[in-house]
Amino acid sequence: MPHVNVVIAGKTYRMACGEGEEEHLAALAAGFDARVAEMRKAFGEIGDMRLHVMAALTVSDELAELKRRMAALEAEAKHLRGAAKAVEAAQEAERASLAEGISGTAERIERLARALGRTQPGNSAA
């Protein structure tokens, strides 16, 4: 199992990770380190543990907000898929109705043409 050395708040930690996840873990640690530095700048030297907890809570809050937004977007997507299916069904019904109307109109035109053909001068009915 690979290991990565990460630095958070000036301290080095050796972390295990899955094969091929080394860069991802290093990037996560760098992001967390930046968050801790941001907290230190805002609140001063209040202790590493407290800064780490505050940074972790901030990240957790962002994650919770993203999960909430993702759930809302998934619900909206589900609603839109349902609406799209309803529109497709309505369009299919409209196409069927139009096809039926065109077919009926074509039959009437054929009947009129036959009737006109029988009644024109020069056409002898046998």
By side chain to side chain contact (heavy atoms under 4.5 Å, CB included), Ile46 pairs with (sequence neighbours left out) Phe43, Arg50, Leu51, Met54

May I have all residue pairs that pass salt bridge (Lys or Arg N to Asp or Glu O under 4.0 Å) and include part of residues 23-37, sequence neighbours excluded?
Arg35-Glu62

Going by chain and number, the hydrophobic cluster around Met49 (ILVMFWY, side chain to side chain under 4.5 Å) further includes Val53, Leu57

Would you be so kind as to tabulate the donor-acceptor pairs closer than 3.5 Å made by side chains of residues 1-19, with sequence neighbours excluded?
residue : atom : partner : partner atom : Å
His3    : ND1  : Met1    : O            : 3.2
His3    : ND1  : Arg14   : NH2          : 3.2
Lys11   : NZ   : Asp48   : OD2          : 2.5

Quick one: side chains of residues 64-76, donor-acceptor pairs under 3.5 Å with protein atoms, not counting sequence neighbours, listed by atom name and distance.
residue : atom : partner : partner atom : Å
Glu65   : OE1  : Arg68   : NE           : 3.2
Glu65   : OE2  : Arg68   : NH2          : 2.7

What side-chain donor-acceptor pairs closer than 3.5 Å can you find for residues 108-117, not counting sequence neighbours?
residue : atom : partner : partner atom : Å
Arg108  : NH2  : Thr105  : OG1          : 3.3

Please output the side-chain donor-acceptor pairs of residues 80-92 that fall under 3.5 Å, not counting sequence neighbours, one pair per line with the distance.
residue : atom : partner : partner atom : Å
Glu92   : OE1  : Arg95   : NE           : 3.4
Glu92   : OE1  : Arg95   : NH2          : 3.0

Taking only residues two or more places apart in sequence or in another chain, which ones pass side-chain hydrogen bond (donor to acceptor under 3.5 Å, both in side chains) with Glu38?
none

Which residues pass the side-chain hydrogen bond (donor to acceptor under 3.5 Å, both in side chains) test with His79, not counting sequence neighbours?
none

Considering all heavy atoms, the nearest Phe32-Ala56 contact:
CE1-N, 3.7 Å

